[in-house]
Amino acid sequence: LGFRHYALRITNPLTTQLRLTEEPQPMCRPAYLIFALLSASNSATSSQQIPEINTDNGTPLNDNECSLYLAQSSISGAGFGLFTTRDVQDGEGILPYAEAPNIPICIVEDVAMTDWVHHAYVWSGRGLAQFECADVSDSIITLGSLCNFHTYLLNVEGYVDGYDDEAVDRFVHPSAGAFSYHKGQHFNATRTIAAGEELFIGSSNYVVFIDHFLTVRAIIACLFTALTSSLQIDKFLYFFSDYGEDWLNTREGTFADNVPRFDDFDKAGKILRIMRDTFLNSTFDINDEVISLVKDASGVLVNRVASLIPDTKAKYEALVENLPRKDDSDKAGKILRLMRDTYLNSTFEINDEVISLFIHAARVLDDRVASLIPDTKAKYEAAVKKHLDEDSLYADEDSLYAMAIAKSTVVNRGVNWIKENGICMDNILPGKSTIPLIGQGAFANRFLVEGSRISPVPLIQILNSDKMLMYGVRRDKENNELRVEYEPNGKQLLLNYCFGHISSKLLLCPQSNAVLINHCSSRRNGGGQCGINGPNAKIRWANEWDPDTPVWLEMSMNQLSAATAANSRGLSLEVIATRDIQTGEEIFLDYGPNWEDAWELHKNTWKPPTEASGYRNYNPLTSVGGKAVLRTINELEDNPYPNNIITACYWYEYVAEGYGPDEMGYYMADDYIYKGDIETSSELWHCDILKKISDTHYEVRILRLQDGLDEVLLTMFPRESITFRMKQYTGDQYLPGAFRHFIEIEDNIFPKQWKTSFDDA
């Protein structure tokens with residue numbers, strides 16, 4: 001499989017034009033995307049109930065102001081980005097819930113990357129998803145797919161929320177395998193985020209799967225427009241997630257050489273601080289020539305660092321004018337300790353008003369020092385905890401300058417501008433659907449007036465729906481998966497969450513939390529329909545906020561094919577309220593008559609798994625729990641686990657001087673203890689239990705054959721770092737005959753030129 005590397009330039013929101021920069025390069029393996037889901041209906045109720053919302057306290061949110069917006073990125077020319085319009089504290093959730101389920105997808109077919117662009121939006125299937133199948137990727141929508149990336153300003157990180165395969169019983173319910181059991185991700189702030197800031201995502205339990213593919217999203221070039229005029233801006237790539245700097249470092253000799261890394265910002269910050277300290281104590285005039293000399297001298301050492309140094313006196317002064325100095329930081333540290341000591345011995349309550357009054361008083365004396373003092377009770381308490389024993393409020397003064405340089409690379413949009421020009425992204429709240437046995441649904445987070453936009457729906461196209469077919473596989477000597485069946489044995493779960501038309505093989509798959517919206521219609525009596533009122537929402541093309549959509553709607557299938565081969569996308573839908581929707585009311589769409597007929601046929605002909613199918617000896621993973629009795633490989637011969645259950649161990653490769661195996665080949669592992677909920681760890685490996693040493697420790701074998709690596713033997717391995725996982729290809733989504741059907745786009749808005757078969761096109 002070969003694939004070309006591209007440099008991309010954003011010319012319109014969420015759309016790319018590409019320029020070829022390299023010859024075809026050999027790829028190790030194909031990467032595949034999965035995308036989010038709309039739960040397939042089994043039955044519905046006409047009455048609306050307060051949902052079980054997936055929040056920390058289990059209660060629905062009340063009417064509230066939107067705080068998450070899609071708007072023009074603060075990085076010039078980088079398309080859209082996500083913004084918060086409220087202050088978010090370090091460690092706090094951007095939203096108080098996992099926004100929507102993620103869906104794993106596994107493909108072994110050699111898919112032509114010219115047929116779909118999903119591979120450019122894929123996250124690796126680390127964590128829970130990796131046990132679904134051998135080569136797995138994960139779709140994490142909205143925050144996971146729409147957040148941009150900045151090498152220094154990362155402020156958001158995702159954490160897996162969990163897995164629930166007890167949502168339905170595969171032996172009882174025909175909806176088994178028709179929706180994802182993966183609960184999605186919580187996204188938390190990795191530093192304090194001020195209202196109006198753009199969200200820049202970094203990966204934690206997940207890493208973006210771009211080992212072999214460039215993303216299609218935007219250009220890194222525009223990230224540094226203000227400071228990199230000497231560079232060829234249009235040859236950078238701009239990443240929409242934290243791909244990790246290792247990816248850039250492996251592209252030596254390409255555009256990646258000129259992309260500033262995190263350390264480059266730190267070095268540039270140090271140079272800027274030295275410049276300021278030197279100039280403050282010098283007698284010569286600072287001018288453009290002096291500044292340029294510093295920049296050129298830096299460039300002799302590291303070009304990327306030099307690109308971040310201002311090249312004129314005006315730019316230099318703009319950067320350092322309001323930056324605190326070392327003595328300012330010392331003074332602020334003393335003030336903080338004075339505040340702490342005073343409050344410890346006082347009887348009045350510390351609150352934001354008291355702290356604000358203190359800052360205003362300090363500002364009369366010194367603005368720069370006042371700027372370093374935390375301005376809320378929460379920030380004050382965090383600062384006291386962090387800097388309690390430090391001589392300065394910021395022990396690393398250079399980081400202040402690095403942050404100033406980084407922030408100069410983005411535009412300060414401002415909360416008012418975002419609210420006026422952005423699109424609200426948190427009108428939808430996830431919760432257990434009022435329709436039984438179909439998983440989650442979408443609920444109104446606030447009152448939605450008739451005709452208002454509920455959610456934008458950026459789309460990713462798949463030209464040929466046959467790419468969703470699944471086949472039996474085996475592994476070759478190089479550990480690659482190969483198809484062993486010529487007839488498909490199922491379809492990817494992704495199909496259920498894409499839009500399509502009965503007369504076309506084109507699929508359009510959403511990137512927003514609109515995937516939560518379930519089906520209902522007034523066409524049938526009972527059986528899960530919503531009565532005479534019908535659904536309360538509909539879809540339409542997004543001709544207002546996505547200017548590329550009307551252009552793409554005029555394209556032929558050949559033109560769509562060419563655009564897809566160029567890794568481009570340009571279509572968006574939006575969900576509109578067809579009547580007033582109350583807070584907490586579930587939102588429904590009509591999936592179309594063909595979808596409804598297919599679901600009725602499936603319910604009427606469905607049969608539970610048989611013994612011969614291999615899916616009968618089964619126990620839900622959720623019911624097993626991490627504390628079940630462990631069995632050694634010898635014990636499993638007489639008393640095996642159910643076919644779908646395996647043991648998994650928390651492990652990572654530790655390298656240190658003096659650390660090695662004993663004479664039997666075992667590594668000491670008593671300190672492999674996961675700090676957190678092991679059920680959501682991304683560092684779990686399939687392992688065998690070789691021997692029970694005690695109730696708390698075992699001998700284990702880490703199995704890495706699937707990755708082409710040798711097994712690892714460990715002794716004194718902690719029981720708390722062993723849990724259970726599903727065996728690959730045994731989950732409900734792989735059940736023979738699991739329901740699959742796309743969501744229909746109404747005939748009157750589906751372009752006529754797309755109503756043709758893929759082969760004809």
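FYI, the numbering just counts along the sequence from 1.
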Donor-acceptor contact below 3.5 Å, side chain [X] vs main chain [Y]:
X	Y	answer
Asn644	Asn619	yes
Glu132	Ala129	no
Gln130	Leu684	yes
Asp161	His186	no
Asn102	Ile140	no
Trp685	Trp651	yes
Thr715	Glu699	no
Asp264	Arg261	yes
Asn155	Glu198	yes

One thing to verify: whether Arg725 and Glu679 come together as a salt bridge, which I'm taking to mean a side-chain N less than 4.0 angstrom from a carboxylate O.
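A salt bridge is present here (some side-chain N lies under 4.0 Å from a carboxylate O).
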
Hey, is Arg701 close enough to Asp688 for a salt bridge, meaning N to O under 4.0 Å?
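Yes, this pair counts.
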
Side-chain touch [X]/[Y], heavy atoms, less than 4.5 angstrom:
X	Y	value
Ile693	Met716	yes
Leu199	Ile193	yes
Thr696	Phe717	no
Thr142	Leu82	yes
Arg719	Tyr698	yes
Asp87	Gln89	yes
Leu690	Val700	no
Val156	Asn188	no

Please assess Ile645 against Leu621 for the test side chain to side chain contact (heavy atoms under 4.5 Å, CB included), listing each intermediate value before the final yes or no.
CA-CA 7 Å; Ile645 299 297; Leu621 176 67; 4.0 Å; yes

Answer yes if the ring centres of [X] and [Y] are under 6.0 angstrom apart, and no otherwise.
X	Y	answer
Tyr672	Tyr652	yes
His150	Phe262	no
Tyr163	His182	yes
Phe200	Phe149	no

Which heavy atom in [X] sits nearest to a heavy atom in [Y], and how many Å separate them?
X	Y	value
Ile141	Glu99	O-OE1, 3.9 Å
Pro104	Val136	CB-CG2, 3.7 Å
Ile673	Pro718	CG1-CG, 3.9 Å
Ala648	Phe131	CB-CZ, 4.0 Å
Ala189	Val88	CB-CG1, 3.7 Å
Ile702	Cys649	CD1-CB, 3.8 Å

Chi angles and distances behind the side chain to side chain contact (heavy atoms under 4.5 Å, CB included) call for Cys147, Phe187
CA-CA 11 Å; Cys147 277; Phe187 288 89; over 6 Å; no

Reported [atom1]-to-[atom2] distance for the pair [X] and [Y], which is rounded to 0.5 angstrom:
X	Y	atom1	atom2	answer
Leu128	Thr680	CG	OG1	7.5 Å
His686	Arg704	NE2	CZ	14.5 Å
Thr723	Glu720	OG1	CD	12.0 Å

Take Tyr667 and Val712, measure what side chain to side chain contact (heavy atoms under 4.5 Å, CB included) needs, and give me the verdict at the end.
CA-CA 8 Å; Tyr667 290 83; Val712 179; 4.1 Å; yes

When you look at CG of Asp671, are more than 12 heavy atoms from neighbouring residues, nucleotides or ligands closer to it than 6.0 Å?
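Yes, CG of Asp671 has more than 12 neighbouring heavy atoms, counting only those of other groups under 6.0 Å.
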
Would you kindly say whether Asp165 and Thr622 are connected by a side-chain donor-acceptor distance under 3.5 Å?
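Side chains of Asp165 and Thr622: pair found under 3.5 Å.
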
Just do the side chain to side chain contact (heavy atoms under 4.5 Å, CB included) check on Phe265 and Met403 with the steps written out, would you?
CA-CA 8 Å; Phe265 279 99; Met403 181 60 74; over 6 Å; no

Taking it one step at a time, do Glu157 and Arg191 satisfy salt bridge (Lys or Arg N to Asp or Glu O under 4.0 Å)?
CA-CA 10 Å; Glu157 200 166 55; Arg191 60 174 172 83; over 6 Å; no

Donor-acceptor pairs under 3.5 Å, side chain of residues 632-642 to any protein atom, not counting sequence neighbours: which ones?
{"unit_1": "Thr632", "atom_1": "OG1", "unit_2": "Glu635", "atom_2": "N", "d": "3.2"}
{"unit_1": "Glu635", "atom_1": "OE1", "unit_2": "Thr632", "atom_2": "N", "d": "2.8"}
{"unit_1": "Tyr641", "atom_1": "OH", "unit_2": "Arg631", "atom_2": "N", "d": "2.9"}

